[in-house]
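Presented below is the structure to which this report refers.
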Amino acid sequence: EEHRLDAEDAAGSPGARRPLRPRGGGGRRGARRPRLYPGTYEVDRVEGPVFAVGGERFVVDGDPRTPTEVYGGTQLVPALGELAEAHALAAAAACQRAGTCELGDDVLLGSSGDVHVQWSDLPRGVVQLLVPLVENRGSSAQWLDMEVRLTVEPGGTPVRWECGVPGEYGGDLATCPDLG
């Protein structure tokens, strides 16, 4: 059975375990803690031009001794995630052709579809990403991450993509290859 709880983030810190406080003052000092009916709950998903939050599901078993925690994180909106993967794959293929990275000629590259936000500074329009790539060599596969930096306009429109080298961290980033 699914239930709806009108709640707000009581901690204000995305990407961490957060207590939920029912709207309307349920988090006052000395007030009774809210009790949720047993069932499955889902946090509303909210998407902006760059990030999405919410969509996490959690189960309440009805035992007040059982802690209920919701883990929520900030994700890149799907369209920007797909672009980040495309840029990372294009940059990896370019360094593979040029021989400037550790990828051999016999390696096929793919992506997992799970772009991770490392950090962001939206007032400056900068979002640092980690794009997981998989290198397939015959019957074996190995995961490599690529750092990708996205710069956006105030409305969220991408204006610059910068890519690192597969499997290397903290190095200089260069403009990603054109996807056109």
Side-chain angles (χ1 to χ4, degrees), residues 9 11-19 42-59 69-180:
D9 180 355
S13 57
R17 292 179 186 261
R18 309 185 294 239
E42 182 173 352
V43 178
D44 290 340
R45 183 170 172 85
V46 178
E47 286 192 15
V50 178
F51 295 120
V53 294
E56 297 86 6
R57 297 174 71 88
F58 63 98
V59 175
E69 295 182 328
V70 179
Y71 178 79
T74 302
Q75 305 162 348
L76 207 57
V77 294
L80 290 179
E82 290 169 12
L83 281 172
E85 287 179 336
H87 281 290
L89 286 168
C95 81
Q96 184 181 29
R97 282 190 304 274
T100 57
C101 59
E102 299 288 322
L103 301 173
D105 293 337
D106 59 338
V107 172
L108 298 173
L109 294 170
S111 177
S112 74
D114 190 25
V115 176
H116 176 72
V117 178
Q118 284 187 296
W119 56 264
S120 67
D121 183 353
L122 277 185
R124 288 187 29 227
V126 179
V127 181
Q128 183 80 11
L129 307 168
L130 206 58
V131 179
L133 302 175
V134 62
E135 74 174 335
N136 294 301
R137 188 181 309 244
S139 62
S140 67
Q142 177 180 339
W143 290 96
L144 298 168
D145 290 327
M146 178 181 280
E147 290 182 310
V148 175
R149 185 173 301 139
L150 165 61
T151 305
V152 296
E153 292 178 340
T157 304
V159 293
R160 182 178 172 105
W161 291 92
E162 297 171 282
C163 293
V165 176
E168 293 183 16
Y169 306 97
D172 292 332
L173 304 182
T175 300
C176 297
D178 239 354
L179 296 179

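Note: hydrogens, waters and symmetry copies are ignored here, and every other heavy atom, side chains too, is used.
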Close side-chain approach of [X] and [Y], heavy atoms under 4.5 Å:
X	Y	result
His87	Leu129	no
Phe51	Leu76	yes
Val43	Phe58	yes

Shortest non-hydrogen contact between [X] and [Y], atoms and distance:
X	Y	value
Val77	Gly48	CG1-O, 3.3 Å
Pro166	Cys95	CD-SG, 3.8 Å
Arg45	Ala52	NH2-CB, 3.2 Å
Leu89	Ser111	CD1-CB, 4.1 Å
Ala88	Val131	CB-CG1, 3.7 Å
Leu80	Pro158	CD2-CG, 3.5 Å

Fill in: Chi angles and distances behind the side-chain contact (heavy atoms from CB on, under 4.5 Å) call for Leu150, Trp161
CA-CA 5 Å; Leu150 165 61; Trp161 291 92; 3.6 Å; yes

Just how far is it from atom [atom1] of [X] to atom [atom2] of [Y], taken to the nearest 0.5 Å?
X	Y	atom1	atom2	value
Leu133	Trp143	CG	CH2	9.0 Å
Gln75	Asp114	CD	CG	8.5 Å
Thr74	His116	OG1	NE2	10.0 Å
Gln118	Arg149	CD	CZ	9.5 Å
Leu130	Asp145	CG	CG	4.0 Å
Cys101	Glu135	SG	CD	9.0 Å

Discussion item. Is it true that, when you exclude Glu47 itself, more than 12 heavy atoms of the residues, nucleotides or ligands shown sit nearer than 6.0 Å to its CD?
Written reply: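 Buried by this count: over 12 neighbours within 6.0 Å.
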
Worksheet item: Counting heavy atoms not belonging to Asp121, are there more than 12 under 6.0 Å from its CG?
Response: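 Check passes, neighbour count above 12.
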
Worksheet entry | Residues Leu179, Leu83; criterion side-chain contact (heavy atoms from CB on, under 4.5 Å); working and verdict | CA-CA 9 Å; Leu179 296 179; Leu83 281 172; 4.0 Å; yes

Item to complete: Can you sort out the partners of Glu147 under salt bridge (charged side-chain N to carboxylate O under 4.0 Å, His left out), two or more places apart, ordered by chain and number?
Response: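 Result, salt bridge (charged side-chain N to carboxylate O under 4.0 Å, His left out) vs Glu147: none returned.
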
